[in-house]
> 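Mind having a look at this structure? Questions to follow.
Heavy-atom basis, side chains included; hydrogens, waters and symmetry copies ignored.
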Amino acid sequence: MNEHLSRAFFARPTLDVARDLLGKRLTRRLSGERLSGYIIEIEAYVGEDDQSSHARPGLTARNAPMYGPPGFTYVYLIYGMYHCLNFVTEREGYPAAVLVRALEPLEGLTTQQHLRGPQHPPRDLARGPGRLCQALAIDLTLNARDVCADDAPLWIEDAPPIAESRVARSPRIGVRGDDRAVSIPWRFYLRESPWVSGKVSFNRHHAKTGQ
DNA sequence: GCAATGATGCACT
DNA sequence: GTGCATCATTGCG
């Protein structure tokens, strides 16, 4: 039901964590109100050898949470205006995380729409990593926070697993680096979901069953 | 529909 | 000074 995901869930291989987070409920408590949505798109960033990972240059002040214990957030500012939400995975000391890219909005829709701005269509509430952070009021104050703690402002609630037939994989969005980094299919999303970010043609072209 | 571009702050070379 | 794991707007067809 409302069981929070434990640290053991995050302390596993990053690709497994990413795959298994599909369908789980990302929940934010803001001024006593619940804002939530199902995770329907997520990417994995694994180790310093991953060309498109923030951990590529080694430990820095910004990417330090990626080297910390699993089950913590890594929130960063991108392009000066948007935030991206990650969850740290694997063992402490090994830099890996998953980037949440899109949600199917569930609770607190009025507040989420208000946070995003009334001019935006409901479909774009949380379709994209920057947008979902706006919809759930996620900024740098939520960086390096323990999502497994009882009093966390942000956590993940368990939900029934998603059938393999509904999972699609593709290369990650907006990556730089060598051919391997660009082409490796470490983006997981729910096939057929209208809440997935990016272009339909891209998703259809790359859609294939996971694992 | 789509591509091009501007907005904007901060970490890092 | 440079370059982003992005999004919204514009201008084209």
> Examine distances only and state if a side-chain atom of A:R56 and a backbone atom of A:E48 form a donor-acceptor pair shorter than 3.5 Å.
yes

> Can you tell me the distance, in whole Å, between the OH atom of A:Y82 and the C1' atom of C:dA5?
15 Å

> Does A:R101 make a side-chain N or O approach to OP1 or OP2 of C:dT6 shorter than 4.0 Å?
yes

> Report which part of the nucleic acid A:L99 touches: base, sugar-phosphate, or nothing (heavy-atom distance under 4.0 Å, all strands).
base

> Could you check which of C:dC7, C:dA5, B:dC12 has an atom nearest any side-chain atom of A:P129?
C:dC7

> Give one of base, sugar-phosphate or nothing for A:N86, where a contact means two heavy atoms less than 4.0 Å apart.
base

> To the nearest angstrom, how far is A:Q134 atom CD from B:dT8 atom P?
14 Å

> Would you confirm whether A:R145, through its side chain, and A:T141, through its main-chain N or O, come within 3.5 Å as a donor-acceptor pair?
yes

> Has the side chain of A:S170 got a donor or acceptor atom that lies under 3.5 Å from a matching backbone atom of A:P185?
no

> Whole angstroms only, please: what is the CZ-P distance between A:R116 and C:dT6?
15 Å

> Is the base of B:dA7 touched by the side chain of A:Y79 through a donor-acceptor pair closer than 3.5 angstrom?
no

> Give the rounded distance in Å between these two atoms: CZ of A:R187 and P of C:dT6.
11 Å

> Would you kindly give the CD1-to-P distance between A:I78 and C:dA8, to the nearest whole Å?
15 Å

> Between P on B:dC12 and CE on A:M66, what's the gap in Å once rounded to a whole number?
12 Å

> Remember a base hit wins even if backbone is also touched, and classify A:H120 as base, sugar-phosphate or nothing at under 4.0 Å, heavy atoms.
sugar-phosphate

> Hey, does A:R56 reach any base, or is it just sugar-phosphate, or nothing, if we go heavy atoms under 4.0 Å?
nothing

> Starting the side chain at C-beta, find the nucleotide from B:dC10, B:dC12, C:dA5 nearest to A:L77.
B:dC10

> Could you give the CZ-to-C1' distance, from A:R127 to C:dT6, as a whole number of Å?
13 Å

> For DNA chain C, whose closest nucleotide is more 5', that of A:D124 or that of A:Y45?
A:Y45

> Test your reading of the model: is there a side-chain donor-acceptor pair from A:R12 to the backbone of A:F9, 3.5 Å cut-off?
yes

> Can you tell me which nucleotide in C:dA5, C:dT6, B:dA11 comes closest to the side chain of A:R62?
B:dA11

> Could you check how far CG of A:D139 sits from P of B:dC10, rounded to whole Å?
12 Å

> Spell out, as yes or no, whether a donor-acceptor pair under 3.5 Å connects the side chain of A:E43 to the backbone of A:I173.
yes

> Hunt down the Watson-Crick or G-U wobble partner of C:dA5, both distances under 3.5 Å, from any strand shown, or write none.
none

> Which base, if any, makes a Watson-Crick or G-U wobble pair with B:dT8, both distances under 3.5 Å?
none

